[in-house]
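Structure, as structure tokens:
Both ligands and their constituent atoms are indexed starting at 1 by order of listing.
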Amino acid sequence: MERKDLADLIFPDAKEISYYEEKYPERNLPEGAIVTRFAPSPTGFVHIGGLYQGLIARKLATQTGGVFFLRIEDTDQKREVENGIVGIVESLKEFGFEPDEGMISENEGKGNYAPYKQSQRKEIYQAYAKYLIEQGKAYPCFCSPEEVEEIRTKQENAKIRPGYYGVWAKCRNVTIEEAIERIKNGEKYIIRFKSPGREDRKIKHHDVIKGNVDFPENDQDIVIIKADGLPTYHFAHAIDDHLMRTTHVIRGDEWLSSVPLHLQLFQELGFKAPKYAHIAPIMKNDEGNKRKLSKRKDPEAAVSYYAEEGIPSEAVKEYLLNIANSTFENWRRANPDKSMDEFELQLNKMSVSGALFDMIKLLDVAKIVISKMTAEEVYENAMSWAKKYDEKLALILEDKDYALKVFGIERGNSKPRKDISKWSDVKDNISYMYDEIFEKDTSEYPYQVINQKEDIKKILELYIEKYYNANDDKQTWFDKIKELAGELGYAKEVKEFKANPDMYKAHVGDVSTVLRVALTKRTNTPDMYEIMRVLGKDKMEKRFKNAIKNLDK
Ligand code: GLU
């Protein structure tokens with residue numbers, strides 16, 4: 001009996017590996033083109049760290065004229081959820097970095113290196129497992145999970161390195177005859193890789209992000225095909241990234257310690273190894289401690305969080321570039337109006353230890369992103385967010401013409417307003433522009449320096465009767481508030497007031513504040529001239545009357 005007989009018995013239908021080598025040829029791409037991928041498991045949860053890796057991969061492929069594909073790693077079928085793939089596909093779409101190839105729905109993919117879902121590649125893995133068995137580089141292992149556990153316990157008790165290796169790898173020494181017989185007798189088995197490595201030897205490896213690293217060689221006879229016929233992550237990684245002609249494996253650094261095993265698999269399979277770039281996780285400052293963003297503890301770890309909060313995906317993406325390369329910030333300062341796609345990302349400038357995620361900074365980025373939008377864009381975004389997450393806001397925004405005027409306040413000029421960082425801010429941000437909300441607001445009017453009933457009443461009445469004119473330009477409008485101040489005995493200029501504080505009760509700014517508070521119940525708003533124009537004289541008058549009525553309470 002020969003190894004070939006054993007291999008044929010285990011995988012009778014598997015094709016020759018040459019079939020796949022020809023089917024998935026080298027890609028015909030320009031020198032230096034990076035072929036890379038995003039390879040998540042469809043667990044139903046898209047982690048912001050995954051998106052971050054995907055973004056980096058997408059950018060590098062684009063920058064070098066390469067290919068970025070989406071591969072779904074669903075070999076651990078216990079962890080899977082329904083529609084997990086669609087969730088991932090949609091997230092990538094939403095953030096604007098669609099793959100060139102890969103899965104596009106639960107079961108369909110596009111591209112010449114398909115299938116892009118591991119559970120659809122079973123026969124490919126089996127062909128290569130068969131090949132390894134024929135080569136004497138893999139073998140069936142009959143140890144039950146309990147036996148493997150027993151080995152581990154023994155190792156732990158004896159304080160020996162755990163695992164299935166060397167003398168502990170019992171089934172390594174099962175003869176071909178015995179293996180064939182046991183399989184024919186219906187014994188259960190899995191397939192293990194026969195590692196040629198030795199733990200006392202070191203390998204040197206150069207990681208594109210981490211730099212030079214040393215590791216002991218792998219000597220573990222890891223499982224390559226599980227009892228359900230599917231491969232383990234390690235085996236699938238080697239086969240897929242070889243056949244899909246990946247040049248750069250960009251992935252989370254939890255896999256860095258698996259590099260010795262992966263290089264060995266590539267070597268034994270006769271494949272050229274890809275370059276590796278291991279990305280440090282996104283970190284969070286938790287009361288002074290730096291720790292990984294956690295799916296369990298941090299809502300912002302979920303990509304869905306950003307959509308729910310209404311933080312524009314463009315802002316999230318721009319912020320992720322900020323933490324990917326510290327040079328981004330300067331680039332952005334020098335190129336405020338360029339698309340972020342023009343920024344050249346550099347892998348070797350990535351943080352080795354993990355960049356800190358700062359929500360406040362992200363919201364600052366979002367404010368700038370939103371400030372550059374037109375009123376129409378703000379409207380469309382706010383409305384589509386509202387339709388999903390806030391019916392009341394959707395109702396408020398129904399009068400589009402009016403909403404466009406509201407959003408148009410201090411927008412489209414050289415210093416646009418920067419007071420919206422997420423769509424969930426919008427309702428609060430614009431509520432005072434709507435009578436139906438404003439009139440229901442029972443909070444107090446926050447008058448400041450000028451807070452006496454008679455003074456307030458005089459300002460409001462005189463302003464609307466004598467000074468407000470909807471046709472005034474901004475300068476005239478402002479001059480009239482000065483005149484109003486003068487007529488009522490307030491300083492017309494702040495400077496003047498400061499020079500002679502005893503001569504005046506207050507100054508023109510304080511008069512403005514009275515107008516602002518009566519109109520909006522806020523001390524801080526965008527440009528009042530524009531607010532008045534949007535509200536119109538009738539609404540203003542009504543608000544002033546209500547404010548005056550309120551003084552009598
Ligand atoms: N499925 C693996 C993960 O989600 C992929 C790692 C890789 O990119 O190779 O961690």
Item checked: Distance from atom 9 (O) of ligand 1 to nearest protein heavy atom, with residue and atom -> Tyr233 OH, 2.5 Å

Item checked: Nearest protein heavy atom with distance in Å, relative to atom 8 (O) of ligand 1 -> Arg37 NH1, 2.7 Å

Note to self: Can you classify the ring geometry of Phe266 versus His237 as parallel (below 30°), tilted (30 to 60°) or perpendicular (above 60°)?
What the structure shows: perpendicular

Check: Can you say whether the rings of His234 and Trp255 are parallel (under 30°), tilted (30 to 60°) or perpendicular (over 60°)?
Finding: perpendicular

Note to self: Please check whether Ala39 reaches ligand 1 - meaning an N/O of the residue sits under 3.5 Å from an N/O of the ligand, judged on distance alone.
What the structure shows: yes

Notebook entry, point to check: Is there at least one pair of N or O atoms, one from Arg71 and one from ligand 1, spaced under 3.5 Å apart?
Noted result: no

Next item on the list: Check each atom of ligand 1 against the heavy atoms of Arg251 and keep those under 4.0 Å away; list them by number with element.
Entry: 7 (C), 8 (O), 9 (O)

Item checked: Per-atom contacts, ligand 1 versus Ser41 - under 4.0 Å to a heavy atom -> 1 (N)

Checklist line | Donor-acceptor pair between Ser105 and Glu108 side chains, under 3.5 angstrom | finding: yes

Next item on the list: Please check if any side-chain donor atom of Glu101 sits under 3.5 Å from a side-chain acceptor atom of Asn112, or the reverse.
Entry: no

Next item on the list: Please lay out, stage by stage, how Arg291 and Lys284 fare under the test side chain to side chain contact (heavy atoms under 4.5 Å, CB included).
Entry: CA-CA 5 Å; Arg291 62 162 175 80; Lys284 168 167 179 148; 4.1 Å; yes

Check: side-chain contact (heavy atoms from CB on, under 4.5 Å) with Tyr276: which of Lys210, His248, Arg251, His206?
Finding: Arg251

Notebook entry, point to check: For ligand 1, is any non-hydrogen atom under 4.0 Å from Gln53's backbone (N, CA, C, O), its side chain (CB onward), both, or neither?
Noted result: neither

Notebook entry, point to check: Relative to ligand 1, is Trp255 under 4.0 angstrom through side chain, backbone, both or neither, heavy atoms considered?
Noted result: side chain

